[in-house]
Amino acid sequence: MARDDYGRAQRFHRDPRHGRLMGVCAGVADELGCNVTLVRIIAVIALFWFGVVTLAAYVVLGFLLPARTDMRHDVDEAYWGSVRYPAGDGFRERRHRRRELDSNLQHMEGYVTSRRRDLDRQFRDLEH
């Protein structure tokens, strides 16, 4: 993920330095952590299926998305490519975290709707 000059994550950007035409596909590939060739193939397929809509969306994104600002101009790109997590790892971590949060929410809902909560409240009221 690219970072701006202040070290904040810069999301949804275009990468004209690594792109062919305006750098939209390169920016999307950088954001998703996948190969830019795959994103370009998907864009061409979408162009054939959706035609003018895809072309219009590409041009609009090319003008609206900010260009990638990068403080690492002199740093070896191969190093940063090795540091980046593969896209599948990020999705797995997010799915695991979402399942963990869902499980916690189920436990909380179960407690809030149970008779035990009322009993615990009555005991707390007796203590005070």
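Any value given below was found using the heavy atoms of this structure, including those in side chains, with hydrogens, waters and symmetry copies removed. Just so it is clear, the model here is predicted, and its values are computed rather than measured. Counting from 1, the numbers follow the sequence of the chain as shown.
The distance from atom CG of Asp102 to atom CD of Glu100, rounded to the nearest 0.5 Å, is 10.5 Å. Here the CD atom belonging to Glu93 is positioned 11.0 Å from the CZ atom belonging to Arg95, to the nearest 0.5 angstrom. Atoms CG and CZ, on Leu119 and Arg124 in that order, are 10.5 Å from each other to the nearest 0.5 Å. Rounded to the nearest 0.5 angstrom, Arg17 CZ and Asp30 CG are separated by 11.0 Å.
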Donor-acceptor pairs under 3.5 angstrom involving side-chain atoms of residues 106-118: please list them, not counting sequence neighbours.
| unit_1 | atom_1 | unit_2 | atom_2 | d |
| --- | --- | --- | --- | --- |
| His107 | ND1 | Ser103 | O | 2.7 |
| Tyr111 | OH | Asp120 | OD2 | 2.8 |
| Thr113 | OG1 | Glu109 | O | 2.8 |
| Thr113 | OG1 | Gly110 | O | 3.4 |
| Ser114 | OG | Tyr111 | O | 2.8 |
| Ser114 | OG | Arg116 | N | 3.4 |

For residues 51-60, please give each side-chain donor-acceptor pair under 3.5 Å, one per line with the distance, not counting sequence neighbours.
| unit_1 | atom_1 | unit_2 | atom_2 | d |
| --- | --- | --- | --- | --- |
| Thr54 | OG1 | Ala46 | O | 3.0 |
| Tyr58 | OH | Leu21 | O | 2.4 |

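Ala43 pairs by the side-chain contact (heavy atoms from CB on, under 4.5 Å) definition with Cys25, not counting sequence neighbours. Leu101 meets the side-chain contact (heavy atoms from CB on, under 4.5 Å) test with Arg97; sequence neighbours excluded.
The hydrophobic cluster around Val44 extends to Phe48, counting ILVMFWY residues whose side-chain heavy atoms fall within less than 4.5 Å of a member.
Between Cys34 and Val39, the shortest heavy-atom distance links the atoms SG-CG2, 3.6 Å.
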